[in-house]
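One structure is given below, encoded as structure tokens.
Here is the naming used below: chain letters follow the sequence lines, and residue numbers restart at 1 for every chain.
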Number of protein chains: 2
Amino acid sequence: MAVTIKDVAKLAGVSPSTVSRVIANHPRISVETSNRVREVMEELGYHPNMMAKSLVSKTTRTIGVVLPRPAEELLLNFFFYELIRGVLAQLTRAGYDLLMAGGSNEQEELETVTRLARSGRVDGLLLLYSRASDPVIHLLRKEKMPFVLLGRSLDYEDVPSVDNDNVQAAYDATKHLIAQGQRRIGFVSGPAKLAMTQDRMAGYTKAITEAGLPFKDGWVVEGEFLLESGYRAMASIMSQPEPPTALVIIDDVVAFGVLKGLTELGYRIPQDVAIVSFNNIALTELTMPPITSVDVGTYQLGYTASQMVLRMIQQVEITNRQIIPHRLVVRESSLRTLSLT
Amino acid sequence: MAVTIKDVAKLAGVSPSTVSRVIANHPRISVETSNRVREVMEELGYHPNMMAKSLVSKTTRTIGVVLPRPAEELLLNFFFYELIRGVLAQLTRAGYDLLMAGGSNEQEELETVTRLARSGRVDGLLLLYSRASDPVIHLLRKEKMPFVLLGRSLDYEDVPSVDNDNVQAAYDATKHLIAQGQRRIGFVSGPAKLAMTQDRMAGYTKAITEAGLPFKDGWVVEGEFLLESGYRAMASIMSQPEPPTALVIIDDVVAFGVLKGLTELGYRIPQDVAIVSFNNIALTELTMPPITSVDVGTYQLGYTASQMVLRMIQQVEITNRQIIPHRLVVRESSLRTLSLT
DNA sequence: TTGAAAGCGCTAACAT
DNA sequence: ATGTTAGCGCTTTCAA
């Protein structure tokens, strides 16, 4: 049987409540008693039972992260892991733990969230991006459970969220290609119902339109955040009479697939097709050629989001929508004038 | 205030214990009552308070994963994420949650484990590989906390663990290079105190020795599981009078660094230097050239380890040491006779 | 400054 | 088949 507050109390010759006060750093406790109690705690290797503590305090010092269904299927992958690093760094600093919970489809995901919210297992929740008409958000608001969205809600303007300016990011990326002299620029997209996808699409369209460049439906392909998705997209997009000579790609992993596809089809990059993608994961600089990518500050996203839920829990005033700055990291894959080294 | 068992009891016109029994699917409860209670639970949106439940049952339906310090520093990365996928898949199936906790150094890591073990927050623990004389293992045994090691303990033979046969894996990888006609084979290693490193080193040495090939100290470089580590290793290893013409590399990410380093130094792969590495992460097939890698069944490792802790918790008899099979995935980077396509 | 007592939401004997 | 009661380990009034 684990050592409890009573054991400590008995050995220190005080009451359980005194021990409790020592733990809580209650002001009105004599230094003397405090020290003695601490010694005993040390001696006995006492650690407070979190369950009992949580039961009375209604607080768990735990933040839940709800994995989007596709995470189970490989998905965002490196991006995701980097995000978790940021989350974990901040939570650990603040003395919070991270509870990861999934669900293998939208239905299960909602059930998981309901359970976490109502069972009192977590003090707050991190949502890993949202899709159109998300019932999860509706639920959490009703339950008054603090949560932060990584991404943006399409339904509610005022949901606490940490995001990039994805419109601007895609605009910048596309502009970069235009500045390289590209005129036929396509877009390899992600799932259409994600806000992120929509925003990047919007930025792409805006840049194209502003520059007076042609926009062709056939140059835009929708897919998943998977390598295969990018790979397959090339078969269709490049088989058109006038294929694009440059591509903006929704995600680095997809870009890897694109790279593979283009190479197999005999296109040289960037000479025949220039590419730019998003997230700037570590491996973008290792492919042949290295890939130009928009660094979205992944670690920062996770770090900031965690900070935000913690603030909400502590009832600190927060800005409802935080934007993490992005920056284009230019590498070989997008440069038109390139001598073959 | 959240809805409790009492609220349900009152509205259903029964006692709290009856409600409790309904939740637990107690056999001796009338179908009638059971249904009525369930209806009320549904109506009220009742979810049992996990803290209260845990307090009395001394069980949390949560498994903790302790992150190795370097995980915070990028490290194993893709390998790690794939592992977590496996863990999560199994735990979710079993209705368990995953608690992730870190520490930024060995000291903090030990404290985290102590806290988790003693505070009753988890029913079991997954340890992400062990180093020589690991105090964590000692502690957990003393506390009688169920845990499974991913990897192998250097101190204890009988620690429940899931691992690969890393000696054999490295032996196979090295043999493959030898079969390709390689005679001067080096080894880009990881942190020497990890069991995994030692095992792979042993397999490499065994293959070399058996084949009567030379073993040179200068051909073995110790490093971290980082891209930079592989990159830097090339500067030293290739500047020797007689540099190796083939390399066995401890991890794919390190191999990426090696690839980068070799390419910059003007070596062609595999013509000038052939390479083989471990883990077979998705991107090994995307580099130029694609990298031959030993698939260690990463997802399986995580899945099996979780299954094992769960069994231990349920007091089911387990095999103390499970070996996940590996297999060499041959790609261009290790093939000697290669026409330039 | 400290102790006694009640109670957080639930389960599990022990009754009936 | 169901209700009553005690208690899990802790915090928190209320007294002293």
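Here B:Thr304 contributes atom OG1 and B:Ile323 contributes atom CD1; the two are 11.0 Å apart, rounded to the nearest 0.5 Å. To the nearest 0.5 Å, the span separating CD1 on A:Ile137 from CG on A:Leu149 amounts to 5.0 Å.
Ionic pairing of B:Glu39 and B:Arg36 is not present here: no N-O contact between side-chain nitrogen and carboxylate oxygen is shorter than 4.0 angstrom.
For the residue pair A:Asp97 and A:Thr62, no side-chain donor N or O sits within less than 3.5 Å of a side-chain acceptor on the partner. Counted by atom type alone, B:Ser20 and B:Ser17 present zero donor-acceptor pairs between their side chains at under 3.5 Å.
Residue A:Ile5 contributes atom CD1, which lies 12 Å from atom P of C:dG3 at whole-angstrom precision. Straight-line distance from the NZ atom of A:Lys6 to the P atom of D:dC8: 5 Å, rounded to whole Å. Atoms CD1 (A:Ile23) and C1' (D:dT11) sit 10 Å apart, rounded to a whole Å. Between the CZ atom of A:Arg118 and the C1' atom of C:dG9 there is a distance of 17 Å, rounded to whole Å. For the pair A:His26 NE2 and D:dT11 C1', the computed distance is 11 Å after rounding to whole Å. Look at CE on A:Met51: it is 14 Å from P on D:dT11, rounded to the nearest Å.
Residue order along DNA chain C, read from the 5' end via each residue's closest nucleotide, puts A:Pro27 first among A:Pro16 and A:Pro27. Comparing B:Ala52 and B:Arg21 by the nucleotide of DNA chain D that holds the closest heavy atom to each, the one mapping nearer the 5' end is B:Arg21. Each of B:Arg28 and B:Leu55 lies near DNA chain D, and the nucleotide nearest B:Arg28 is the one positioned closer to the 5' end.
For the pair B:Ser15 and D:dT4, the criterion of a side-chain N or O lying under 4.0 Å from OP1 or OP2 is not met. For the OP1/OP2 pair of C:dG3 and a distance below 4.0 Å, the side-chain nitrogens and oxygens of A:Ser17 include no atom meeting the criterion. Within the structure, a side-chain polar atom (N or O) of A:Ser30 is placed less than 4.0 Å from OP1 or OP2 of C:dT2. Considering only side-chain N and O atoms, B:Ser20 lies under 4.0 angstrom from the phosphate OP1 or OP2 of C:dT11. Phosphate proximity of C:dG9 to A:Lys58: present, with a side-chain N or O under 4.0 Å from OP1 or OP2.
Checked against salt bridge (charged side-chain N to carboxylate O under 4.0 Å, His left out), B:Arg21 has no partners two or more places apart in sequence or in another chain.
Within residues 32-50 of chain B, the residues having any heavy atom under 4.0 Å from DNA chain C are, by residue number, B:Tyr46, B:Pro48, B:Asn49.
For A:Thr18, the side-chain atoms get nearest to C:dT2 when compared with the rest of D:dT11, C:dC10, C:dT2.
Counted within 6.0 Å of NE2 on B:His26, heavy atoms from surrounding residues, nucleotides or ligands total more than 12; the atom is thus considered enclosed.
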